[in-house]
Amino acid sequence: MRGTQLLIALLLLGAAGGTVAGGVSLGEIPACDVTFTTADSLDRINNELNGSDADRTFCFAPGNYTGKGTIQLKANGSQNSKRWVRLAGSGTTHPVRLDPAQRATLKALAVTGDWWVVHRLAFDSNYSTSVQSGFESSAQDVVVDRALFERGGRVSAMVKVSGAQRITIQNSVLRNTRKVPKEDLACISFGNTSRDVQIVRNEIYNCAGDSVIVNKNAAAPGLLIEDNDLYLTSAYYSGSDRACAENAIDLKGGGLETNPVVITGNRIWGFRKSDTSCATTGSSGEAINIHEDGTSNTDWVLVHNNVIMDSPRGVSCPTGGSDNVSIIGNLFYNIHSSYGSYAIDLLKFNRAEVYFNTVVNAQDYWLQLGGTNLDVRCNVVVNGRRETGSKGSNTTVGYNAFYNTQPFHTEGSGTNVVHSTAAEALAEAYPLEIKRWTGKQTVKIPYAVPSQSSPHFRACGISIGTVSGIGLDETVF
């Protein structure tokens, strides 16, 4: 048996257990041609950065440059002669680990020139209501590496990408946007059509809106969101089950069949239903929201090998009819809310495949149906409640495993693995490392990794690449 659509996972990864491994290797860090200090004027800084001479590496000595406002990068580098802007010195410590006096802290950087590298700088707008963003680019081939963005102001996002190509945000920390009632202040936002953007190995948290949003009437073919920590802390909660935030990833625009959006290998946790009295225009606290509103086209998305924890909903399509979405190999843990929770919410999807996912501890429902042309097979549910919603047209459900969970009531007889206790899954805990940049921690997720003696290990009726069992394959994380 095969799915109801072309398998995006096969197109991209060769097999469901593959990896993407995005990001840009910078190689040797070049020496400074020009070094700025806080005594330099904005005019002098902009003139040097955009000059036509041979200087290519521009360094900022430690200090607070926020009073200078937005700095412009207008000149073009090239593939073989990139232009750099970076912290002075030869150190490698991430700016989030530096004392503030050791950082070079800018308010904002606007990048319209191509082939720039932004390295080890800090950005702090101190919740300003006037600065446009910490970083804004409509250019091509720009890399932001090992940066710190914090205290974003009263604007749509700290990092804005609009009509750009091949922008990479990697190895960085983005945190703490301003909380304004009924306004969405994201950490990273997309406008218009931006192609082949990468968001890789970052720590993104406490965004008073979405951590990453592709806005209405925008598109992001080739967008890669990989190996990030996206989360909320209690500082952005407004009560026991509400938050001054929305989603980790909110897609109102998607990819193309030949260039899909890929969300893979991320760790997402801590989201809650929105409290619009402290921030945002409101959401149910979905970790990953993939939806349309009649004008957007949010199609061709792969959600692959992510861990989603401690949130009301894992992957959701609450509005519209997003097409050709693959939800494959993800781990959902402690999905809960007093407002109703679903690990996988397929209410409005059209043409989606849901394979090889593991759900552990779902307070309400592990699955909500309602969309059409759905294929839900080879998933494992431990300590969950049954599905809800109705089975739409051309929907296939089967070959799933249930432990201490009522099985799907419309599946064909003999297609499921069903046991009454979680222990019968014979699955081990999975140690998950989180918070790469601010201080590593390890979380253990029970019942996540099946052994070869697990009743469901080889119980699946489809085969993708080398994978013919069901349950988490820890080798891909």
Side-chain angles (χ1 to χ4, degrees), residues 133 152 155-162 169 174 177 179-180 182-194 197 199 202 204-221 223-226 228-232 236 243-255 260-264 266-276 279-303 306 308 311-323 325 327 330 337 342 344-349 352:
S133 62
V155 293
S156 61
M158 284 195 295
V159 171
K160 297 171 69 175
V161 180
S162 182
I169 312 294
L174 302 91
T177 61
K179 293 180 278 190
V180 180
K182 297 181 174 59
E183 290 194 22
D184 295 331
L185 304 180
C187 280
I188 303 176
S189 77
F190 288 78
N192 298 317
T193 297
S194 294
V197 174
I199 301 171
N202 303 289
I204 307 174
Y205 66 97
N206 290 350
C207 308
D210 301 297
S211 302
V212 180
I213 180 171
V214 178
N215 284 294
K216 177 180 175 181
N217 298 322
L223 172 61
L224 173 64
I225 304 175
E226 181 183 21
N228 302 282
D229 291 298
L230 306 107
Y231 63 97
L232 292 181
Y236 275 57
C244 308
E246 291 196 350
N247 316 114
I249 299 170
D250 187 358
L251 299 183
K252 295 182 174 72
V261 172
V262 179
I263 303 169
T264 184
N266 301 285
R267 299 154 297 280
I268 303 172
W269 72 93
F271 288 83
R272 300 289 186 270
K273 183 178 176 66
S274 296
D275 181 353
T276 59
T280 84
T281 55
S283 83
S284 296
E286 298 89 344
I288 300 176
N289 219 7
I290 304 170
H291 58 127
E292 300 176 354
D293 59 8
T295 59
S296 298
N297 182 17
T298 313
D299 302 335
W300 296 103
V301 179
L302 169 63
V303 181
N306 303 281
I308 298 173
S311 296
R313 298 183 185 184
V315 180
S316 180
C317 182
T319 60
S322 297
D323 296 333
V325 174
I327 304 169
N330 303 283
S337 173
Y342 316 94
I344 304 170
D345 179 8
L346 306 178
L347 185 62
K348 297 291 181 69
F349 276 121

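Checked against V261 for a side-chain contact (heavy atoms from CB on, under 4.5 Å), the options V197, L223, V214 give a single hit: L223. Partner of N330 under the side chain to side chain donor-acceptor pair (under 3.5 Å) criterion, out of N266, N306, T264: N306 alone.
The two atoms that bring A208 and T177 nearest to each other are N-OG1, 2.7 Å, heavy atoms only. In plain terms, the two heavy atoms of G285 and S311 that are nearest each other are O-CB, 4.3 Å. Of all the heavy atoms in A287 and I308, the pair that sits closest is CB-CG2, 3.5 Å. Across F349 and S322, no two heavy atoms sit closer than the pair CD2-O, 3.6 Å. The minimum heavy-atom distance between D229 and R267, with the atom names listed, is OD1-NE, 2.7 Å. For the residue pair H291 and T319, the shortest heavy atom distance occurs at ND1-OG1, 3.0 Å.
Side-chain atoms of L251 and I263, non-hydrogen and from C-beta on, do get closer than 4.5 Å to each other. Using a 4.5 Å heavy-atom threshold, the side chains of P318 and N289 count as touching. Counting only heavy atoms from C-beta outward, the side chains of E286 and D250 never approach each other to under 4.5 Å. Within the 4.5 Å cutoff, the side chain of E226 has no heavy atoms near those of the V262 side chain. When side chains are defined from C-beta on, K252 counts as touching I213, because their heavy atoms get closer than 4.5 Å. A heavy-atom distance below 4.5 Å is found between the side chains of V303 and I290. Counting heavy atoms from C-beta outward, N206 and L232 have side chains that approach closer than 4.5 Å. The shortest distance between side-chain heavy atoms of S211 and F271 falls below 4.5 Å.
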### Criterion side chain to side chain contact (heavy atoms under 4.5 Å, CB included) on C207 and L174, from CA distance to verdict
CA-CA 8 Å; C207 308; L174 302 91; 5.8 Å; no
### Query
Passes side chain to side chain contact (heavy atoms under 4.5 Å, CB included), D210 versus T280? Steps please.
CA-CA 9 Å; D210 301 297; T280 84; over 6 Å; no
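Taken from CD in E246 to OG1 in T276, the straight-line distance is 9.5 Å, to the nearest 0.5 Å. Between S316 atom OG and L347 atom CG the span is 7.5 Å, to the nearest 0.5 Å. The distance from the CD1 atom of I188 to the CG atom of N228 is 7.5 Å, given to the nearest 0.5 Å. Distance CD1/I344 to CD1/I327: 6.0 Å, rounded to 0.5 Å. Between the CD1 atom in I225 and the CD1 atom in I268 there is a gap of 8.5 Å [rounded to 0.5 Å]. Atom OH in Y205 sits 12.5 Å away from atom CG in L230 (nearest 0.5 Å).
With sequence neighbours left out, Y236 forms a ring-ring contact (aromatic ring centres under 6.0 Å, His included) with no residue at all.
Under the 3.5 Å distance criterion, the side-chain polar atoms of D345 are left unmatched by any main-chain donor or acceptor of C317.
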